[in-house]
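Taking it in order: structure first as structure tokens, then the write-up.
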2 protein chains.
Amino acid sequence: MAEHGSGEGTVAKALAVMDEIAGFGRPVRFAELLDRSPYPKATLYRFVQVLTKQGMLHFDPDRQTYAPGLRLVRLAHAAWQTSALAPIARPHVDALSEAAGETVHLAQLDGAQVLYVDKRNARHPIEMYSAAGKVGPAYCTGVGKAMIAFLPEEELARVIAQQSFHRFTDHTYTTEAALRVELQAIRARGYAYDREEHEPGIICIAHPILTRAGRVLGAMSVTSSTARTTLEALEDHLPRIRAAAEAIAAEAQDWRFPAAAE
Amino acid sequence: MAEHGSGEGTVAKALAVMDEIAGFGRPVRFAELLDRSPYPKATLYRFVQVLTKQGMLHFDPDRQTYAPGLRLVRLAHAAWQTSALAPIARPHVDALSEAAGETVHLAQLDGAQVLYVDKRNARHPIEMYSAAGKVGPAYCTGVGKAMIAFLPEEELARVIAQQSFHRFTDHTYTTEAALRVELQAIRARGYAYDREEHEPGIICIAHPILTRAGRVLGAMSVTSSTARTTLEALEDHLPRIRAAAEAIAAEAQDWRFPAAAE
DNA sequence: AACCAAGTTTCAAATAATGAAACTGAACAT
DNA sequence: ATGTTCAGTTTCATTATTTGAAACTTGGTT
């Protein structure tokens, strides 16, 4: 009856193992995993076996290492395509980066983190998965703040509770109170700035993407560096960003999937 | 003791549900899923609940639909990055498409299917997830044939047994016997052609990526259309393709992950 | 108000997950 | 050769999770 701490479902545990492996950022040996894992050898072993047989992990027999598997890439493809935001936003992201001549990010909120779902880079035409799939902190990025500012209070509280408030730069807001003041300003203004809060020299202007009902779908930002421009200059792009964000919201809202064709 | 047919592990079942949902290619309602699912209502319900809580599925409360979730995108990012092939191959894929002025595909074998892990398009600079993550048949694509031709017999037999041999075009090989002859020719030649076997008007030349020991890592192709060129003309790119494939193989082979930096 | 369909909860029985310990086998040292 | 260590694998009685029929709730429809 009473929660005993060990009852969170087999699926959840298996996925935690996936996260662990993905977190390494490189192929790992079983023993390395075991060190970090709360599970006994036999249990972890079986998880890894099952996940490998399922294609969620790939085992390299030469090096005896495990890495996230191809089935994930297949599933993620479906996730991206099916998402109500990313495919719709794509042409707008393209157009915006073209017009602004700067890097454009499209992000969604994934729990308490920011997940970049698309990116268009100004110089190099684009960066692939390296961009899509990356996560970042919500409390000190333009897109992060633009999204959480418009969350209902209950959810916002949950998200804030999970922020690390690590001081990345001198400009990082490192307390809930300071962040709350900033979020209030963002709500009043309608969009967010990143004043080198996450990375020195990197600034951006970020706009939320909201449904008519005010639900947060994502955010979009135009990013540059202090070496190239200023926040004031970036603000020139505001009308475009706002227009793009609103267009995306409208399309995402009205959108129904076409009846499955072939 | 005896296999009872119903014992394949909870994790496997949950992943089957994921596949089912991903297969729809659009957000689905619970009832739709239930129709196609072998599980009773309560069981499927719990799976969907758990997967949603885990972020593997996303539930749209407005439309009451489920779709693959953001956690997948995060995990797939790790899969792509960690893969011993894709990140290494990227610059080579870039260079090859630049030099050839044609579309370049990078693929791996995922079970009996071809999974495209990267793509560079001649005209538009690139296509995102829409390309990476896509799957195709192994028996009638250039990259597919280039890979399976170099599989050890035992594995090849298993893969061939899983091919549909659907006739996509007049040129599709539709029997195992015919395919076996073609694979023999590919082994002799060292690379593969696609003579409009999958899509009318689409031709390509595909080269396997093999370790020194002969293990299949993937394949790479230069693709064009009969409207623009001929197979003979495409063959001019062979030296480049071969060089790229060999360079990738060499790098992938020697590659150790850098000691985890920050 | 009665009906229906979609979604949610319950609970005893059936099944699968658990993990300590024993085992295997390779790599290396003696 | 022989022993030692360590990484990886298997076993099996115990434990706790999953299962699914059925009952229930909810919201929309006739």
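Chain identifiers are assigned alphabetically (A, B, ...) following the order of the sequence lines, protein sequences preceding nucleic acid strands; residue numbering begins at 1 within each chain.
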What is the separation between atom [atom1] on [X] and atom [atom2] on [N], rounded to the nearest whole Å?
X	N	atom1	atom2	value
A:K13	C:dT18	NZ	C1'	8 Å
B:F30	C:dA5	CZ	P	16 Å
A:L34	C:dA20	CG	P	12 Å
B:Y39	C:dA16	OH	P	11 Å
A:L15	C:dA17	CG	C1'	16 Å
B:L44	C:dT8	CG	P	11 Å
B:F47	C:dA16	CZ	P	11 Å
A:L33	D:dT9	CG	C1'	16 Å

Counting only side-chain heavy atoms from C-beta out, which of [options] sits nearest to [X]?
X	options	answer
B:Y45	C:dT8, D:dA21, D:dT10	C:dT8
A:Q64	D:dG8, D:dT18, C:dG7	D:dG8
A:R29	D:dG8, C:dG19, C:dT8	D:dG8

Discussion item. Looking at B:F24, I'd like to know if the NZ or CZ of B:R36 sits under 6.0 Å from its six-membered ring centre while staying within 45 degrees of the ring's axis.
Written reply: yes

Item to complete: Identify whether NZ of Lys or CZ of Arg in B:R215 sits under 6.0 Å from the centre of the six-membered ring of B:F150 and within 45° of that ring's axis.
Response: no

Fill in: C:dA17 OP1/OP2 closer than 4.0 Å to side-chain N/O of B:T10
yes

Using a 4.0 Å heavy-atom cut-off across all strands, classify [X] as base, sugar-phosphate, or nothing.
X	value
B:A31	sugar-phosphate
A:R46	base
A:Q49	nothing
B:T43	base

Item to complete: Apply side chain to side chain donor-acceptor pair (under 3.5 Å) to A:H92 and A:E251, showing your working.
Response: CA-CA 11 Å; A:H92 297 282; A:E251 283 182 55; 2.8 Å; yes

Discussion item. Looking only at the aromatic ring of each residue, does the gap between the centers of B:Y39 and B:F47 stay below 6.0 angstrom?
Written reply: yes

Worksheet item: Is the backbone of A:R29 close enough, under 3.5 Å, to the side chain of A:E32 for a donor and an acceptor to pair up by distance?
Response: yes

Worksheet item: If you take atom types as modelled and just measure distance, does the side chain of B:K41 reach the base of D:dG20 with a donor-acceptor pair under 3.5 Å?
Response: no

Worksheet, complete the sentence: Between B:A42 and A:Y66, whichever has its closest DNA chain D nucleotide further toward 5' is A:Y66

